[in-house]
Q: 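I'd like to ask you about the structure that follows.
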Amino acid sequence: MIVRTRFAPSPTGFLHIGGARTALFSWAFAKKNVGQFILRIEDTDVARSTPEAVQAILDGMQWLGLDYDEGPFYQMQRMDRYKQVLQTMLDAGTAYYCYCTKDELDALRESQMQQGAKPRYDGRWRPESGKTLATPPQDIPPVIRFKNPQVGNVVWRDLVKGEISIANQELDDLIIARADGTPTYNFCVVVDDWEMGITQVIRGDDHVNNTPRQINMLMALGATIPQYAHLSMILGSDGQKLSKRHGAVSVMQYHEDGYLPEAILNYLARLGWSHGDEEIFSMQQFCQWFDLDHITSSAAQFNTEKLNWLNAHYIKLADNNLLAADVTERLAKLNIKVTAQPPLLEVIGLYKERVNTLNELATNIAYFYQQPVRDAVAAEKHLTADIMPAMTNLVALLKAVDWQPEAIHQAINEVVTQHALKFPKVAMPLRVMLTGIAQSPSIDQVMALLGKSEVLSRIEAALP
RNA sequence: GUCCCCAUCGUCUAGAGGCCUAGGACACCUCCCUUUCACGGAGGCGACCCGGGUUCGAAUCCCGGUGGGGACGCCA
């Protein structure tokens, strides 16, 4: 049988890091098994779904390179089909109308909670042989409920958590269609997973409790039951649950912040899954290795340091032309225009091994294209009066230098010797004068790239 | 409250009864490299939640406890 997996986000917000990992694992599982990966937008919550959110999800998937073989399907466009199935269930007696109002239900829930019981529908409109139902009120539009079995257990072997068993007694008759006739999530999922031929449902572990209900509905419909794999959640760096209010950020925010998709993907792959001691690998490699057996069943905490490490790694590997295009845009956002000189490709070559993010890369090289922003602490420490004679001397020497790193280095050395100093004693003030800060790559290389006239003018501007 | 799930260094993890004196990675510390900061290299610190069982032998299996998380919507 062909493996078919799906990612089924609801468009009520952006694609966040947890959703991205779920998508990644579903995608990888399909790739690994030469199957198909389907994208399905679960937009039945009309009140909260937005076209912007749909777009944000699509953008996120695209940025990460998570391509799908089918879809995106939109549940709102499948209404007719859901209603057909609903009618079938009504006819078969596996679903029924319920005339309870929301207020009635709220009151019921509250009293059950107060008694320490699990809040659940009490079945007052559930048809039973020998039971006489009240007369349906004319003024209340009914919802449709699924007639869940009341005895026995629902048991399935979860592909990551192992055998899970839940008693039907714990389940109530859930609403599968609202009073306005629109079907609800649990019902649409069942119909779609069934009709789209999903073989493995890979999703967040907050769906574990929905699974027995879905299995019951699938059985009521005579459908094939897919396998389930429930992924544990990703916690924020502080160990707390990620939520819209707390720490959850869009994957596109990582783009903004200067992370490469390769780094995000590699990081996410290792968050909850492992292949021995492997830490760094391509998506191609990941798709060959990926399996459900090596997924951790416990929650994982997000760790920016490790992401940074991976990002730094992938920046080192990245093509300079790609980095140049990206960094040019980032600099433009800072109102810095990249000019032909110094050559951006060379500047990037000098800096790509020293940064964690593309934003860092952009801000670190900004001084090549605008006057340096001087750090007060560095200036106070290194731009001391006693060094100025040497710097003045350096300017004179540099004017005659053939502008190559070696020659520049020699000129500095000459000043060092003449003034009986150590190399850093000259290099550090130079660094601050040219870059504004006390850290940079080899100063002669920086100077070579910056260009003779610019170097001279920056030093002279810094001289008393 | 009820049900479900989870538990190895600070963090991500390896671990399928003897290979474990518990391995790797990030972070941290030290040293080396050095022209500052990084990069890189070499070391170091650091964990099996607790208690019972099963077994010749348990991080691994079972039970209980504790702790954490999730679910209990006319949300998904």
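All heavy atoms count here, side chains included; hydrogens, waters and symmetry mates do not.
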Q: Using heavy atoms and a sub-4.0 Å distance, could you list which residues of residues 436-448 of chain A are near RNA chain B? By number, please.
A: A438(A), Q439(A), S440(A), P441(A), S442(A), I443(A), D444(A)
Q: Inspect the surroundings of CD in Q288(A) and state if more than 12 heavy atoms from other residues, nucleotides or ligands are less than 6.0 Å away.
A: yes
Q: Quick one, give me the B/S/- string for nucleotides 38-51 of chain B, reading 5' to 3', where B means a protein heavy atom under 4.0 Å from the base and S means that only happens at the primed atoms, P, OP1 or OP2.
A: BSS-----------
Q: Is there a side-chain contact between R109(A) and the phosphate of G73(B), meaning an N or O under 4.0 Å from OP1 or OP2?
A: yes
Q: Salt-bridged, K147(A) to D173(A), with N to O below 4.0 Å?
A: no
Q: With no angle test and no hydrogens, is the base of U35(B) tied to the side chain of R431(A) by a donor-acceptor pair under 3.5 Å?
A: yes
Q: Do Q445(A) and L350(A) have side-chain heavy atoms sitting under 4.5 Å apart?
A: yes
Q: How would you list, by chain and number, every residue that makes a ring-ring contact (aromatic ring centres under 6.0 Å, His included) with Y267(A), sequence neighbours excluded?
A: F302(A)
Q: Indicate the ring-plane relationship of W273(A) and F290(A), choosing parallel, tilted or perpendicular according to the 30° and 60° boundaries.
A: tilted
Q: Between the protein and nucleotides 1-4 of chain B, which nitrogen or oxygen pairs come in under 3.5 angstrom?
A:
| unit_1 | atom_1 | unit_2 | atom_2 | d |
| --- | --- | --- | --- | --- |
| G1(B) | O2' | G116(A) | O | 2.0 |
| C3(B) | O4' | E170(A) | OE1 | 3.4 |

Q: Charged N to carboxylate O below 4.0 Å: is that the case for D375(A) and K381(A)?
A: no
Q: Strictly under 4.0 angstrom, non-hydrogen atoms only: write out the protein contact profile of nucleotides 14-20 of chain B, one letter per nucleotide from the 5' end, B, S or -.
A: SS-----
Q: Between E42(A) and R40(A), does at least one N-O distance fall below 4.0 Å, as a salt bridge requires?
A: yes
Q: Sort out the partner of U55(B) for me: Watson-Crick or G-U wobble, both distances under 3.5 Å, none otherwise.
A: none
Q: Among residues at least two apart in sequence or on other chains, which ones pass ring-ring contact (aromatic ring centres under 6.0 Å, His included) with H313(A)?
A: none
Q: When you measure from the centre of the six-membered ring of Y121(A), is the NZ or CZ of R145(A) under 6.0 Å away and within 45° of the axis?
A: yes
Q: Both distances below 3.5 Å, Watson-Crick or wobble geometry, any strand: find the nucleotide opposite U36(B).
A: none
Q: Ignoring hydrogens and angles, does a donor from either the side chain of H382(A) or the base of U36(B) sit under 3.5 Å from an acceptor on the other?
A: no
Q: Checking base pairs now: Watson-Crick or wobble, both atom distances under 3.5 Å. What partners C26(B)?
A: G10(B)
Q: Can you measure L271(A) atom CG to U11(B) atom C1' for me and round it to whole angstrom units?
A: 10 Å
Q: Can you tell me if the side-chain N/O atoms of S298(A) get under 4.0 Å from OP1 or OP2 in G69(B)?
A: no
Q: Let me spell it out: for each of T184(A) and T304(A), pick the nucleotide of RNA chain B with the closest heavy atom. Which residue's pick is nearer the 5' end?
A: T304(A)
Q: What integer distance in Å separates Q301(A):CD from G69(B):C1'?
A: 13 Å
Q: Watson-Crick or G-U wobble partner for C49(B), using a 3.5 Å limit on both distances?
A: G65(B)
Q: Once you apply the 3.5 Å cut-off to both distances, tell me the Watson-Crick or G-U wobble partner of C3(B), or none.
A: G70(B)
Q: Please state how far atom CD1 in I412(A) lies from atom P in U36(B), giving the value in whole angstrom units.
A: 13 Å
